[in-house]
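See below for the structure under consideration.
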Amino acid sequence: MRANGEPYLEPHHIRRVSDGGPDDPRYVAGVCPTCHRRIHHGADGKDINEALGEAILHFEYAVASVEPPNRTTRKRVMA
């Protein structure tokens with residue numbers, strides 16, 4: 001929460017820009033600060049990040065009204 005009580009989200013890059021990931025809106029999600037810390041520092045952060053990447057992929061394809069590729073294809077794109 002902000003000081004005035006309004007909620008806010010932080011941008012999370014599915015692949016870190018510092019690790020050579022793309023700075024592209026297709027690989028960014030808005031997450032709350034607590035979840036953002038959990039993704040980067042939590043024991044289950046890698047799993048959450050993968051699930052978030054899958055959710056973004058399915059949303060992107062739903063908007064485009066096409067079938068998403070299988071999970072193996074997405075992992076190669078994210079790696």
Please name all residues satisfying ring pair (Phe, Tyr, Trp, His ring centres under 6.0 Å) with H40, sequence neighbours left out, ordered by chain then number.
H12, H36
Heavy-atom closest pair, residues M1 and P7
SD-N, 4.0 Å
Tell me every residue that passes salt bridge (charged side-chain N to carboxylate O under 4.0 Å, His left out) with D44, counting only those two or more places apart in sequence or in another chain.
R38
Closest approach of L52 to A29 (non-hydrogen atoms, all atoms of both residues):
CD2-CB, 3.9 Å
Please evaluate residues L9 and V31 with respect to the criterion side-chain contact (heavy atoms from CB on, under 4.5 Å), reporting the C-alpha separation (whole Å), side-chain torsions for both, the decisive distance (0.1 Å), and the verdict.
CA-CA 5 Å; L9 299 175; V31 295; 5.7 Å; no
Do I39 and V28 sit in one hydrophobic cluster, given that two such residues count as connected whenever their side-chain heavy atoms are within less than 4.5 Å of each other, even indirectly?
no
Could I get the full list of side chain to side chain contact (heavy atoms under 4.5 Å, CB included) partners for S18, not counting sequence neighbours?
R16
Is there a donor-acceptor contact under 3.5 Å from the side chain of N4 to the main chain of E6?
yes
In short, R2 meets Y8 closest at the heavy-atom pair NE-CB, 3.5 Å
Quick one: side chain to side chain donor-acceptor pair (under 3.5 Å) partners of D24, sequence neighbours excluded?
R26
I'd like to know if the side chain of N49 and the backbone of I14 have a donor-acceptor N/O pair within less than 3.5 Å.
yes
Compare every heavy atom of H13 with every heavy atom of P22, then report the nearest pair and how far apart it is.
O-CD2, 3.9 Å
